[in-house]
S.K.: 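Below you'll find the structure I mean.
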Amino acid sequence: MSKVATRFAPSPTGPLHIGGIRTALFSWLYSKNQKGKFYLRIEDTDKERSKDEYKDQIINSLKWIGIEHDGNEYIQSKKIDDHVKIANELLKKNYAYKCYCSSEEIEDQKKRAKQKKIPYIYNRKWRDLSEVDAPKDIKPVIRFKSKIKGSYILKDIVQGDIEIENDTIEDFVILRNDGTPTYNLCAAVDDHQMSMTHIIRGDDHKINTFKQIQIYEAMKWELPSFAHVPLIHTIDGKKLSKRDKASTLDDYSKIGIMPMALRNYLLRLGWSYKDKEIFTLEESINLFNLEGIGKSPSKLDMSRILSMNEHYIKNIDENDLFGQLNEYCKLFKKEIKQDKKDKIKKSLTFLKNKAKTLEDIFNNGQYIINDEVNYNQEDVKLIDDKARKVISDFSTQYEKIDTPSREILEPIINELIKSHATNFKGVGQPLRIMLTGSKFGPGIYDIILSLEKEQVQKRLTIKIT
RNA sequence: GGUCCCUUCGUCUAUCGGUUAGGACACAUGGUUUUCAUCCAUGAAAGAGGGGUUCGAUUCCCCUAGGGACCGCCA
């Protein structure tokens with residue numbers, strides 16, 4: 001049996017959405033699971049809409065989530081000569097024919113079909129007509145002579161057997177009248193030339209498969225296996241498209257979702273392995289199989305993405321986490337200053353406890369990252385005269401400390417609670433507000449110890465109404 | 001409209017004829033905690049409907065309903 005080869009074949013006409021990324025992920029995982037190859041084919045034959053920036057965006061998106069393709073990208077537009085060659089070969093072998101219908105004629109047929117509420121299907125007018133009768137002023141398209149009799153059963157790995165009457169597949173165009181090849185021809189030729197063993201793609205291509213298979217058969221090529229993955233739906237149950245918000249990778253990376261978390265989420269969306277939820281990259285390669293893919297479309301669930309991200313934030317190595325945070329800030333916020341990096345890194349232990357995203361960590365760490373505190377005006381109001389006294393008393397004690405530590409601070413705080421006849425909140429809250437600008441935040445000891453001594457002193461003596 | 005596909009808690013899913021229908025997220029309640037969180041415990045929550053087949057159906061078959069995809073000289 002030949003070595004497994006799969007591919008992902010997007011068209012660079014827009015940013016890749018996460019449905020596409022999941023399909024790519026499945027395809028990639030399967031090839032890696034089988035110790036095979038995974039290729040990337042850029043289907044850029046629509047010259048009008050294809051853009052290089054989208055091509056780059058697609059490659060970067062895949063890289064971001066950890067998918068790397070083998071070999072160079074296969075650029076479909078560079079293979080047009082091959083596609084045309086096959087089209088002519090099909091013509092010669094009488095598997096295709098020239099169709100001289102004008103576009104007006106076709107439009108008219110479609111319109112009438114719509115009026116009569118019957119499905120439009122090309123009427124095969126030129127299938128058996130002699131070219132001698134061809135109008136001179138019309139450049140023909142080449143249509144594939146699709147089977148009319150019988151039916152075909154597609155053995156799909158995910159969807160099972162799908163039977164379709166051959167005559168529902170029309171004589172589709174394989175070469176336009178400007179001589180350029182169309183999708184179904186290109187896809188079939190490329191998949192064959194790239195020696196694909198498994199075509200794993202969205203199930204919006206299911207019907208196309210019946211066209212592509214006929215090209216394979218006409219050319220006497222060995223058929224690959226097919227696995228049509230159900231589409232991802234939006235929360236209202238519609239096919240996810242590039243126009244939907246929160247559909248592209250950027251939408252997730254910019255709020256601080258980490259690649260590993262999104263990868264894990266996407267893996268479990270429409271695929272499962274027993275009750276297992278968390279998969280390392282290695283586990284996902286080792287355990288992935290096509291049989292585990294469900295047949296029904298699944299909906300995107302943001303709260304689950306967040307909780308998956310939260311899980312990774314809390315469980316990965318802190319050096320790794322800091323690396324990700326640093327990258328994130330550089331890309332989407334502002335770069336953390338060199339002298340603050342160490343402090344953030346050390347404080348990750350508690351900063352990450354309140355975070356679902358890297359953005360949350362960034363926000364929680366504002367009081368460390370910035371020298372100036374951004375005071376929440378509502379919270380500041382909580383500081384009354386009594387609180388002010390607590391703050392200044394603490395400040396006096398704090399100044400005497402050489403190297404602050406929890407052991408040293410604890411008795412001081414406890415003493416203040418006693419002398420001011422209050423509780424922990426009475427001391428902790430004013431201090432927290434002074435030091436971070438907010439009444440919410442990490443434990444007071446964590447805050448104090450995460451700041452330079454002079455920073456603490458400065459902030460405690462600052463005048464805020 | 002035609003063709004094809006799908007249907008288990010709100011969501012992602014487990015179950016491959018016999019289960020108190022399991023897990024995860026979200027949700028609710030309680031506990032820990034010096035705030036917000038975290039963490040822990042508990043709880044509520046599902047087989048679309050109707051027929052068969054069978055000793056027994058969530059599981060197999062049929063019908064209905066609902067949802068989706070496709071129906072381009074786009075990919």
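Chain naming here is simple, since letters A, B, ... match the order of the sequence lines and numbering starts at 1 in each. Model, not experiment: these values are computed from the prediction.
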S.K.: Once each nucleotide of nucleotides 3-12 of chain B is scored for protein heavy atoms under 4.0 Å, what B/S/- sequence comes out, 5' to 3'?
M.R.: SSSSS---SB

S.K.: Is the centre of the A:W126 ring less than 6.0 Å from the centre of the A:Y100 ring?
M.R.: yes

S.K.: Between B:C73, B:A75, B:A14, which nucleotide gets closest to the side-chain atoms of A:N208?
M.R.: B:A75

S.K.: Can you tell me how far C1' in B:A75 sits from the matching atom in B:G67, rounded to whole Å?
M.R.: 25 Å

S.K.: So what does A:N184 touch, heavy atoms closer than 4.0 Å: a base, only the sugar-phosphate, or nothing?
M.R.: nothing

S.K.: Do the ring centers of A:F8 and A:Y39 come within less than 6.0 Å of each other?
M.R.: no

S.K.: Please report the interatomic distance CG(A:L269) to CZ(A:R22), rounded to the nearest 0.5 Å.
M.R.: 5.0 Å

S.K.: Tell me, please, whether A:F279 has A:K276 positioned over its six-membered ring: NZ or CZ under 6.0 Å from the ring centre and within 45 degrees of its axis?
M.R.: yes

S.K.: When rounded to the nearest Å, what value does the distance between P atoms of B:U11 and B:A26 take?
M.R.: 16 Å

S.K.: Using the C1' atoms only, state how far B:G30 lies from B:U19, rounded to an integer number of Å.
M.R.: 30 Å

S.K.: Could I get the full list of side chain to side chain contact (heavy atoms under 4.5 Å, CB included) partners for A:K346, not counting sequence neighbours?
M.R.: none

S.K.: Would you say B:C70 has OP1 or OP2 under 4.0 Å from some side-chain N or O of A:K239?
M.R.: yes

S.K.: Starting at atom CZ of A:R432, determine the distance to atom P of B:A37, rounded to an integer number of angstrom.
M.R.: 12 Å

S.K.: Determine the contact category for A:V173: base if any of its heavy atoms lies under 4.0 Å from a base atom, sugar-phosphate if only primed atoms, P, OP1 or OP2 are that close, otherwise nothing.
M.R.: sugar-phosphate

S.K.: Strictly by Watson-Crick or wobble contacts shorter than 3.5 Å, is anything paired with B:A28, and which nucleotide is it?
M.R.: B:U42

S.K.: Remember a base hit wins even if backbone is also touched, and classify A:Y445 as base, sugar-phosphate or nothing at under 4.0 Å, heavy atoms.
M.R.: base

S.K.: What nucleic acid atoms does A:H205 come within less than 4.0 Å of, heavy atoms only: base, sugar-phosphate, or nothing?
M.R.: base

S.K.: May I ask you to say what A:G428 touches in the nucleic acid, namely base, sugar-phosphate or nothing, with a heavy-atom cut-off under 4.0 Å?
M.R.: nothing

S.K.: Using the P atom in both, what is the distance from B:G22 to B:A14, to the nearest Å?
M.R.: 15 Å

S.K.: In whole Å, what separates the P atom of B:U3 from that of B:A21?
M.R.: 40 Å

S.K.: Expressed in angstrom and rounded to an integer, what is the separation of A:Y122 atom OH from B:G72 atom P?
M.R.: 14 Å

S.K.: Can you list the residues that meet the side chain to side chain contact (heavy atoms under 4.5 Å, CB included) rule with A:S27, with sequence neighbours excluded?
M.R.: A:T6, A:F38, A:I200

S.K.: Is A:R112 touching bases, backbone alone, or none of the nucleic acid, heavy atoms closer than 4.0 Å?
M.R.: nothing

S.K.: Please enumerate all residues that pass side chain to side chain contact (heavy atoms under 4.5 Å, CB included) together with A:K439, with sequence neighbours excluded.
M.R.: A:D379, A:L382, A:Q429, A:I433

S.K.: What nucleic acid atoms does A:N177 come within less than 4.0 Å of, heavy atoms only: base, sugar-phosphate, or nothing?
M.R.: base

S.K.: Out of B:G22, B:U13, B:U35, which has the shortest distance to the side chain of A:S272?
M.R.: B:U13

S.K.: Pairing check on B:A21: which nucleotide meets the Watson-Crick or G-U wobble criteria with it, both distances under 3.5 Å?
M.R.: none

S.K.: How long is the line joining CG of A:D178 and P of B:G72, in whole Å?
M.R.: 19 Å

S.K.: Mind checking the C1' distance from B:G47 to B:U15? Whole angstroms is fine.
M.R.: 11 Å

S.K.: Test the A:K79-A:Y74 pair against the cation-pi criterion, namely NZ or CZ under 6.0 angstrom from the six-membered ring centroid and within 45° of the ring axis.
M.R.: yes

S.K.: Nearest to the side chain of A:D204 - B:A37, B:G23, B:C70?
M.R.: B:C70

S.K.: Restricting to side chain to side chain donor-acceptor pair (under 3.5 Å), what partner residues turn up for A:K211, sequence neighbours left out?
M.R.: none

S.K.: Quote, to the nearest angstrom, the C1' distance that separates B:G43 from B:U35.
M.R.: 27 Å

S.K.: Can you tell me the distance, in whole Å, between the OH atom of A:Y312 and the C1' atom of B:C25?
M.R.: 15 Å

S.K.: Give me the distance, rounded to whole Å, that separates B:G68 from B:A48 when you measure between the C1' atoms they each carry.
M.R.: 16 Å

S.K.: Please identify each residue that fulfils side chain to side chain contact (heavy atoms under 4.5 Å, CB included) with A:K418, with sequence neighbours left out.
M.R.: none

S.K.: According to side-chain hydrogen bond (donor to acceptor under 3.5 Å, both in side chains), does anything in residues 293-307 of chain A pair up with another residue at least two apart or in another chain? List the pairs.
M.R.: A:E277-A:R304, A:D301-A:S303

S.K.: Select from A:G441 and A:T45 the residue whose nearest nucleotide in RNA chain B is closer to the 5' end of that strand.
M.R.: A:G441

S.K.: Can you tell me how far P of B:U15 sits from CD of A:E291, to the nearest Å?
M.R.: 13 Å

S.K.: Side chain of A:S307 only, please: which of B:A75, B:G22, B:A26 is the nearest?
M.R.: B:A26

S.K.: For A:P10, which contact category applies under a 4.0 Å heavy-atom criterion: base, sugar-phosphate, or nothing?
M.R.: nothing

S.K.: Can you check the A:K238 NZ to B:G68 P distance for me, whole Å?
M.R.: 4 Å

S.K.: Over how many whole Å does the gap from A:L351 atom CG to B:U38 atom P extend?
M.R.: 15 Å

S.K.: How would you list, by chain and number, every residue that makes a side chain to side chain donor-acceptor pair (under 3.5 Å) with A:N370, sequence neighbours excluded?
M.R.: A:K334, A:Q366

S.K.: Using atom names, set out every protein N or O paired with an N or O of nucleotides 39-42 of chain B below 3.5 Å, distance rounded to 0.1 Å.
M.R.:
none

S.K.: Just the rounded figure in Å: distance from P of B:A75 to CG of A:L40.
M.R.: 17 Å

S.K.: Look at the side chain of A:Y183 and decide which nucleotide, out of B:A75, B:A69, B:G23, has an atom nearest to it.
M.R.: B:A75

